[in-house]
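Here the structure comes first, spelled out in C-alpha cells, and everything after it is commentary.
Below, read A as the first sequence line, B as the second, and so on, with proteins coming before strands; counting in each chain starts at 1.
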Amino acid sequence: MDFIQVPSSYIFYLAAAITFVFLRDRTLRSVLLICVPIIALIQVWNLEIGNHHQVDFFNLQLELMRVDKLSKVFGLIFCLAAFLGNLYAWHVKDVVQQIATLVYTGSAIGAVFAGDLVSLFFYWEGTAIASVFLIWARRTEASYHTGMRYLLIQISSGVILLAGLAVQFHTTGSIAFEKMELSSLSSFLIFISFGIKCAFPLLHNWLQDSYPAATVTGTVILSSFTTKLAIYALARSFAGTEILIYIGAIMTLFPIFFAEIENDLRRVLAYSLNNQLGFMVVGIGVGTELALNGTASHAFAHILYKSLLFMSVGAVLFRTGTSKASELGGLYKTMPLSALCCLIGAASISAFPLFSGFVTKSLIMDATATEHYPVIWCVLVFASAGVLSHSGIKIPYFTFFAHDSGLRPKEAPINMLIAMFITSFLCVFLGVFPDTLYNILPYEVNYKPYTISHVISQLQLLCFALLAFTVIMKLGFHPPEIRAINLDSDWVYRKYLPSIMLRIINRLGSVNESTRSGLENKISSGEQILLNIFGPTANFARVFTNGVMILWIAVIFTGALAIVLF
Amino acid sequence: MEQVYLHFPILQVLIPLLLAPICVLVGRSTFSWLITFFGSVSSLVIAISLLHSVSDGSSISYHIGGWPPPIGIEYVVDSANAFLLVLVSGISTVVLLYARDQIKLEIDEENHTLFYTCYLLCLTGLLGVLITGDVFNVFVFLEISSLSTYVLVAQGAKRDKRALKAAFNYLIMGTVGATFFVIGVGFIYMATGTLNMFDIYERINDLESSRTVRASYAFIVIGMGLKLAMFPMHLWMPGAYTYAPTVVTTFLSATATKVSLYVLIRFTFSVFHFDFNFIEQVFKFLVMPLAIIAMFAMSFVAIFQKDIKRMLAYSSIAQIGYMLLGVSLLSSEGLTATFVNLFNHGITKATLFMSLGVLTLYSGKSFLSDVQGLGKKMPWISASFLIGGLSLVGIPGTAGFISKWLLVQATIEAGVPILALLIILSSLLAIVYIWKVIEHLYFMEPHSELASQKVSFRILIPLWILSISCLYWGFDTSLTVGTSDIAANNLFNNVIKLN
Amino acid sequence: MQHHLILKIVTKSIVGIILLFGLYVQFHGDYSPGGGFQAGVIFAAAFILYGIVMGLDKVQEVLPFWVVQKLAALGVLVYALTGVFSLFMGFNYLDYSAFSPHHPEHGQHWGILVVELGVGITVTGVIVCIYYCFASRTPHLDDGEW
Amino acid sequence: MNDNNKKLKETTNPVGSILFGWLDHRHSTRIIIGTLSVSCFVLLLVDFVYHRHGHFMIEEVPGFFALYGFLMFSLIILGATTLRYFVKRREDYYGTKAVDSDMTENKK
C-alpha cells in the first residue's frame, strides 16, 4: 500500500493543478473541492504510525510523512474542516479562491505531517501565501491593504522560522522538528515564529485585522487552519514550557473585553478565536498527557464550532451584506435554521453540557487544577464566563434576536445549510459521545466529563452569567452596539510608527512641506526622497555621455590600481 | 574521424562558426533560421555530452593544430566551463525556438540572414571564451561575441531608433573593456612569456610582488568589470537591453554577462592565484563594496522604472552584484553559490525577458501601462512571467531560491552574517519591483482597444520550457548544485585532472 | 572625376598590376613578407581605386555588393573547412599535417597556403564591403528617418 | 400598521414560526427570564444538597460558581465599557486601508 503513504498535501496540490488547468465547469470544480478532502480523510484515517516518505533536498533528508497520534488527530480534523468549508463554499465560482483553498488546506495538512523544520518551513510559507488570496478575493482596496498586512506578518513568521532553523542547523546540524527546550537562540526564534501564527498577545492583531476582511467563505476556511497549525507546532515542540501557561492565560483574558465592544461580528469571532487559542496554549504549557489531550481535543472541537459560528455569521453577511451587530437583529424570523445552528455553535463554544466544548475544555481545566495552578485555573473559569458573554450570547443574540432591524433576508442557500447542519451535528455528537473523540487522542484518556459535580458547577457558572446578562440588559448597562471600531495594538504599526517615521523623514529630507498635508502625503514624501536619489532622472539611473562613463572607469581603475600596487 | 567525441571540444565552437558563413551564402530567412537552429542544437548536444564526461571532476584537453599546450592553443573542458557551455547553448536553443516569429515582427526581412549570422557568431564567441585555455584566445573570442552583439543590439532600430545610440554606447564601452583586458593579457605575457592559462599559473607563482603582474590584474578586473556590467561600469547595459530586439535581450541577459563573469573567475583562480594578497585586497575593498552598492542602488533604480525591460536590466545589474559578492568571499561555498546563481539567474532572466517580449509583442512598447490587465487576456504568458518573477525574488520552490539560499549560507560560512542580512534585505526590494509588474498584469483592467491576441504554440513551448525549468531547478538541485560544487572545488584547489 | 581623363587612363592600367601584386603577396606570404591579410588589402585597394575614380556604379558592375558579401563569408568558410578537412583525415583541428601525412613539412606548407587564401578572400570582401557601405551612404537624413 | 404586520407574516419563514414563533408572543421575554431565574435558583439549591468535589477548596464552597459567574460577567461588561471609553474610534479611522469603512461605503 505505497499509495496510501504519499504526503496528503500532494493530493491537494494535484487537485489545485487540475482545477487550474482543466476544469472550466463550475460544478465539476465544486465537486472536486468536496471530494479531495474526503479522499484525504480516508487516507489519513488509514495511515499507519511511522515515517513514510523521505525526500532528499541538498544534503538534507526531509521527512514528509511523520505519522504519530498527535499529527494524525490534527490531520483528521484538518481534512474534515476542509470538507465542511468546501461544502459551505459550493456556490463560489471564483477559481482563485478555490485554488487558494486547496493549496492552503494542502499546505496546512502537509505541515502537520512534516517531520523536519525545512519542510515545515515550506508548508508554513505555503499556508501564508495561499491564504492571502482568500482575503484578496474580496477585491476591494481595503481587503488588498489588509491582505498585504496579513501577508507581511505571515511571511515574517516564516522568515523567523527559517532563521531559527538555520541557526539550529548551524549549531547542531539537525533539522529535526522535535521537542525542544526554550534555551537557545534557535529555539527562541522558532518559538517566536510559532507565536506569531498562534496569535500570542501583542503578536495577535493580524488575526482580528484579516479575518473580517476575507470573503464569506474565505473566513470559514481561514479560521480552521493557520492558528491550529501553530497550536500543533507548539504542542509538538514546546510541550511543557511553563511560560506558555502564562502567555495562554493572558490570551484567554484580553480578547474578552475587546470582543465585548466590537461591532463587526466576524471580528468578535476572531477575538473569540484568540481567546480559545489561549486555552489550548495553556494546555501545551502544562504539558502533561491530560493537558496535551485537552489541547488536541479542544483544537478538534474548536475547529468545528468556530467554523459553525463563522458559517452562520457568514450566511447572514451573504444575505444581508453586513456583519455589523449595529445593523442586524431579528433575523430569526426569516433565517431560523441559521439561527438554530448559530445557537448550537454558541452553546458548544460556551461549553454547555452535551455540547462539544464542554467535553474538551474541561480536560484543560482539569489539567491545570491537577498540576496546581490555582490562579491560572481561576483565570480560565473567568475566561469561560467571558466566552459565554461574547460568543455565547452576543453573536446569536445581536444577530438573530435583539431589536428588529427590519431586515428580512432569505434563508441561507441550501449548501450552506447542509454544511452547517453537518457541523452542528458533529458538535452535538462529540458532546454526547465524547469517547469517540477521546479514542483518537495522542494519549490514553481516563477522564469522565459527565460527573454530577462538573455538570452542576458548569451549569451554575453559565446560568448565573446568563442571569447577569439579563440583569445588565434590563438595567441598560450593556455597552450598546454602535458603529465604531476599537483600537488594538496594531494601531502601533498602522498609525503610530508611520507618523514617527514621517517625522524623522521630514527632519531628514528637505521636502516642501507646506503643500502637503495628511499622513498619506507624508509617506509619499519618503518615496520622493528615494525617487530623487534613484528615480529615472536621478544620477543613479541617468544615461550619461560616453565621456562621463569613461571618467568613471578611470576613477575605478585608479582605485583598483592603487589597491593592487600598494 | 572515427572517434568524433574526441573532437567535441573544437566542434563545440566550430559548428556555429562554420554555419555562420554558410548562412550568409544561403541568404534565405527560413534556411538561415534552420541552419542557426541546427547549429545551436548540435552545440547543446555536444555541451551536454562534454558536461557528462567531465561530471566526475576530470577535465579534457584539446590541442589545436596538434601543437602541445604551452606552444599551441589548448582547449580545456572542466566542470566549470562545461556547465556554462550547457547554459549558453541551451538558452540559445530555446531562444531560437521562438526567435522565428519574434524576428519577423521586429526586424526587416532583408536583414534576417545577417541577423542569424551575427547570432551564430555571437554564440561562437561565447562558447569559445568558455572553452579556451589560452588567454589571448579569450580576447579573440570575446571580441567575436562582442562585435556581433553590437550589431544585434542595433537591430532594434526598426522599432526604436534609440537602439542605434545604445549600440554605439555599448560599442565604445565594450571596446574600452576589451582594450583594458588585452592590455592586461599583454602584461601577463610580458611577465611570464606564455599565454597558456595553466602554464601561466605555474610560472606566476613567484611573481606576486611583480608590479607588472599586479597591474595586469587591475586591467583585467576593470576590463571584465565593464563587460559584465559591474556597478558603476554598467552604464551601457540598460540602454542595450532596453532597445535591443527581444530575442537579443533574452539571449544576452542570460549569457553574455555570465560569460564575462566566468572569465573573471577563471583568471582569478586558474591564471592568478586567488590567495595572492593583492587579489584578496581587490575583492575586499573594490569588488565587494561595489557589489553591495549595486544590490541596493540598482534595485531601487529598478523600482522606479516605468519601462519593464529597463527595470529588468537594472535588476540584472543588481543580480550581478549577488554573483560578484559570491566570488568575493573567495571561498569554495561562495564560488558554488555564484555558479548556481549564474545558471539559475540565466534561465530566470531569460524567462522574464521572453515572456515580456511576448506580452508586448503587439503593442511594441514595454511600459508598465502596456501590460496592464494582460493577466486575463494572455494567462499562459503572464503566468510564466509570474514564475520568472517569483524565481527572481527567490521564493522557495523556484530556482532563484536555491541560489540565494546557497549565497546566504556561503556568507554565514565565511563568518560575515551581516552580508546574509543585506542579501535578504535587497531581495525584498526585488519583491517590490516585480510586484509592480504583477499588479499591472493581474489587478488592473486592460486597455479596451487591445483585442485578445492568439499566441502560437511555437512561442508558448519555448517559453514554458524555460518557466518549468525555473521551477524544476528549484526542486532538483543535483545537477546545478552538484556540478557547481565540483567546479568550485576544482577551481579552488586548481585541480585540472587531464585524462 | 568626370574630366580627369589622365587619372582614368592611369587607373585602368594600374589596377591590373595591383591585382597581380596582390596575388604575389598572397602566395609568397609563407616565406616572405606578406600573406593573406596584406594581399586582401591590396586586392581591395585595387577595387577601391577603381571605384573612386570611375564611380561606385561602375565598380559595382564588376563586383556587385552581394558578391562582396558572399566573398567575406566564403573566406571564413575556406579557413574553417581547412580545419575540418584535417578533422576528417583523423588529425586534430587545423593540423596541417593532414594535407600530406607522410611529409608533414609539405602538409604545413599547403595548409598555410589554403588558410591564407581564405583570409585573403575575407579581407578583400570585408574591406570592399566597408567601402561600399560608406560610399553608398545616404548623404542626408530627414527628420522622419530618425 | 395592519399592512405592516401582514407583510411581516408573509416574509416570515414557516420553519421560523415553528422554531422561534413563540418569541413573538407578548410574554415571551417574561417566560425566558422566569425560566432562567427558576433554573438558577434550583441550581443554587442543589449546591446545598449535593456536596461537590473539586481540586481546590474554594470549589466546594456552596454557590461559588454561581457567584463567580455572576460577578465575573458583570466585571467583563464593566471592563469592556471602560475599555471602549479609551479605544473607540470612528469607523473610517484607518481610511480606505481597513474593511470597516469599506462596508460603510457598500451600505451607501
Side-chain angles (χ1 to χ4, degrees), chain B residues 1-27 32 35 39 60-69 72-75 110-111 113-114 116-118 120-121 124 128 131-132 137 144 147-148 151 157-158 160-165, chain C residues 37 64-101 104-105 107-112 114-115 117-119 121-126 129-130 132-133 137-138 141-146:
Chain B
M1 202 59 210
E2 45 277 8
Q3 288 168 311
V4 182
Y5 65 89
L6 285 181
H7 297 287
F8 271 0
I10 185 67
L11 287 176
Q12 177 80 79
V13 185
L14 186 60
I15 290 178
L17 178 66
L18 201 60
L19 292 175
I22 292 180
C23 241
V24 181
L25 291 178
V26 169
S32 310
I35 290 169
I60 300 170
S61 162
Y62 187 86
H63 306 158
I64 305 283
W67 300 97
I73 293 171
E74 181 194 18
Y75 281 9
E110 71 257 26
N111 290 343
T113 317
L114 290 178
Y116 288 119
T117 313
C118 287
L120 274 173
L121 283 176
T124 313
I131 207 168
T132 187
N137 218 223
I144 291 181
L147 290 171
S148 44
V151 181
K158 188 194 169 191
D160 195 331
K161 281 280 194 280
R162 278 175 289 183
L164 294 174
K165 181 160 183 283
Chain C
F37 190 87
F65 188 70
W66 65 269
V67 173
V68 177
Q69 251 186 7
K70 309 268 158 167
L71 273 184
L74 186 70
V76 179
L77 204 59
V78 168
Y79 184 110
L81 285 176
T82 319
V84 175
F85 175 74
S86 44
L87 278 185
F88 272 98
M89 298 301 287
F91 289 83
N92 269 8
Y93 182 68
L94 281 183
D95 193 339
Y96 303 133
S97 314
F99 284 88
S100 169
E105 309 83 51
Q108 296 290 342
H109 188 94
W110 284 108
I112 289 280
V114 178
V115 164
L117 181 65
V119 174
I121 295 173
T122 299
V123 171
T124 313
V126 170
C129 190
I130 291 173
Y132 283 178
C133 286
R137 216 172 65 131
T138 322
L141 282 177
D142 290 333
D143 284 347
E145 285 281 294
W146 281 95

Out of curiosity, B/Thr132 OG1 to B/Ile64 CD1, how far, rounded to the nearest 0.5 Å? 7.5 Å

Could you go through the side-chain contact (heavy atoms from CB on, under 4.5 Å) check for B/Ile10 and B/Tyr75 one step at a time? CA-CA 7 Å; B/Ile10 185 67; B/Tyr75 281 9; 3.6 Å; yes

If one checks every heavy atom of B/Leu18 against chain C at 4.5 Å, the contacting part turns out to be both

Report the option among B/Leu17, B/Leu6, B/Leu14 that has the most heavy-atom pairs separated by less than 4.5 Å from atoms of chain C. B/Leu14

Between CG of C/Leu71 and CH2 of C/Trp66, what distance do you get to the nearest 0.5 Å? 9.0 Å

Okay, C/Tyr93 and chain B: the region with an atom under 4.5 Å from a heavy atom over there is both

Report which part of B/Leu19 has an atom under 4.5 Å of a heavy atom belonging to chain C: side chain, backbone, both, or neither. neither

Which word best sums up how the rings of B/His7 and B/Tyr62 line up, parallel for under 30°, tilted for 30 to 60°, or perpendicular for over 60°? perpendicular

